[in-house]
2 protein chains.
Amino acid sequence: MSTDDAPAPPTEADLLDATWQQVTPEAARRMLIAAVQAFAQRGYHATTTRDIAALAGMSPAAVYIHYRSKEELLFQISRLGHELALEVLRGVADSEDGPAARMAAAVRAFARWHAEFHTTAKVVQYELAALSAEHHAQIAALRRRTEALLRGMIADGVTAGVFAVPDLTGATLAVLSLCIDVARWYRPGGRRDPGQIGDLYADLVLRMLGAA
Amino acid sequence: MSTDDAPAPPTEADLLDATWQQVTPEAARRMLIAAVQAFAQRGYHATTTRDIAALAGMSPAAVYIHYRSKEELLFQISRLGHELALEVLRGVADSEDGPAARMAAAVRAFARWHAEFHTTAKVVQYELAALSAEHHAQIAALRRRTEALLRGMIADGVTAGVFAVPDLTGATLAVLSLCIDVARWYRPGGRRDPGQIGDLYADLVLRMLGAA
DNA sequence: CTTATGCCTAAGCGCTCGCTTAGCGTGCAG
DNA sequence: CTGCACGCTAAGCGAGCGCTTAGGCATAAG
């Protein structure tokens with residue numbers, strides 16, 4: 001094997017390690033990553049704390065050393081996951097490109113994130129209903145910021161006369177919906193890799209917004 | 001109260017009764033409708049057979065008079081629900097309009113269905129993972145027919161030179177995804193009623209497809 | 001050495017789950 | 001009237017759930 005082959009695509013484990021690097025100590029991170037995998041595959045309610053502990057290679061009681069409850073584990077995943085997704089959009093929002101290029105970059109990055117980190121994204125986007133009322137309210141606030149960021153980018157394009165959008169709120173809803181739903185249908189090893197999905201969606205959205 | 005007021009919008013119960021009219025006997029239908037409501041609100045795994053029976057006004061054991069198991073109840077909901085959704089698309093596919101008008105009508109009807117019958121649609125679209133392998137395979141076949149129907153309508157438009165779509169499969173995926181996701185975010189009493197969502201989405205999709 | 005602290009496991013508590021069993025009441029055939 | 005089939009309920013079984021408790025084994029300070 002030569003050393004100058006194209007780099008192998010990162011494994012699922014690599015991606016999860018990178019995603020959750022900030023969680024410490026290491027045992028708490030291992031437990032959280034195990035929970036993300038189990039929640040994504042089976043859903044929150046179908047996952048037992050014994051499943052999570054076994055995936056993390058520890059005893060069932062070890063869950064409660066680092067987390068108060070199974071719901072608290074979901075909340076930490078959801079909170080940090082939403083912040084990561086928000087960061088992806090913010091990284092693009094500050095660019096000095098024109099509104100159309102910036103919007104294309106935002107959709108490309110956001111859709112791509114939902115494919116590449118689909119395991120995390122599935123939990124973040126589809127397990128909200130299992131959160132307690134207090135935790136759900138905190139997450140809802142983060143989601144409103146995401147929506148506002150995207151709406152602002154579309155509004156800028158309209159103001160600049162680059163986009164032709166009869167219904168700003170409706171268009172924002174549709175763009176957000178399109179990107180989020182990637183986490184539902186994406187399968188690794190499918191015909192499109194995450195980068196290609198980002199490119200495809202950036203193009204489709206620009207047309208949807210009537211970009212000049 | 002005059003008798004020529006605008007007709008009141010149908011209640012949730014009206015919609016569910018209309019949706020599941022074909023299920024007999026009446027007690028089996030009541031049980032199934034109760035299951036749809038519970039599965040949509042809490043999710044399949046968070047719903048107990050006691051929840052379902054209580055909603056239907058019967059004892060926990062009554063579930064098993066008409067259905068072999070809780071999973072069989074989900075399967076019947078999923079199978080009939082997918083057939084209803086498919087019927088919505090088929091009702092439009094046979095029209096003799098041009099490709100663009102037909103596609104607009106399809107998206108309008110399909111998106112609208114996912115809003116109006118959002119309770120049913122949520123179970124149909126988001127609880128597939130809880131089905132047994134055999135049942136899941138049957139449902140997957142129905143989903144492939146839905147996708148093929150939509151792809152055919154887009155392909156017709158491309159052939160006729162009315163749509164400009166660089167990636168047929170990708171565009172089909174995006175359109176389907178957009179409509180399905182309506183069931184996730186739609187809330188009755190929101191700023192858009194189901195008809196308006198259908199109109200909005202028909203317009204957005206035509207632009208996405210580069211309709212002449 | 002002793003003692004204290006932090007991370008972990010073995011064991012298990014109380015509860016609720018999906019589902020079964022035994023039997024009741026009603027309506028209809030003979 | 002009798003007898004049986006059907007749709008239902010009351011009661012409960014075995015299993016598995018989320019989470020707790022008691023204690024073991026390191027490390028490190030005194």
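Because only heavy atoms are used, hydrogens play no part in the values below, and waters and symmetry mates are left out as well, while side chains stay in.
- Rounded to whole Å, the distance from CE on B:Met58 to P on C:dC19 is 17 Å.
- Atoms CG and OG, from B:Leu131 and B:Ser78 in turn, are 5.0 Å apart once rounded to the nearest 0.5 Å.
- Salt bridge absent: B:Arg184 and A:Asp181 never bring a charged side-chain N and a carboxylate O closer than 4.0 Å.
- The stretch residues 62-69 of chain B touches DNA chain C through B:Tyr64, B:Ser69, each having a heavy atom within less than 4.0 Å of the strand.
- Using a cut-off of 4.0 Å between Lys/Arg side-chain N and Asp/Glu carboxylate O, B:Arg102 and B:Asp156 are scored as salt-bridged.
- Between the CG atom of A:Leu73 and the P atom of D:dC19 there is a distance of 10 Å, rounded to whole Å.
- A search for side-chain contact (heavy atoms from CB on, under 4.5 Å) contacts involving A:Glu87 returns A:Arg90, not counting sequence neighbours.
- Interatomic distance, CG of B:Leu168 versus CG of B:Leu173, reported as 11.0 Å (0.5 Å rounding).
- Evaluated for a side-chain contact (heavy atoms from CB on, under 4.5 Å) with B:Phe110, the options B:Thr146, B:Val205, B:Leu149 yield exactly one hit, B:Thr146.
- For the side chain to side chain donor-acceptor pair (under 3.5 Å) test, no residue two or more places apart in sequence or in another chain qualifies with B:Thr24.
- Among D:dT9, D:dC19, C:dC8, the nucleotide with an atom closest to any side-chain atom of A:Lys70 is D:dC19.
- Electrostatic pairing of A:Arg30 and A:Glu26 counts as a salt bridge here, judged by a charged N lying under 4.0 Å from a carboxylate O.
- Residues satisfying the side chain to side chain donor-acceptor pair (under 3.5 Å) test with B:Glu116, not counting sequence neighbours, are B:Arg112.
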What one-letter contact string describes nucleotides 21-28 of chain C from 5' to 3', where B marks a base within less than 4.0 Å of any protein heavy atom, S marks contact via sugar-phosphate atoms alone, and - marks no contact? --------
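- With rounding to the nearest 0.5 angstrom, the CZ atom of B:Phe39 is 6.0 Å from the NZ atom of B:Lys70.
- Taken residue by residue, residues 36-52 of chain A places heavy atoms nearer than 4.0 Å to DNA chain C at A:Arg50.
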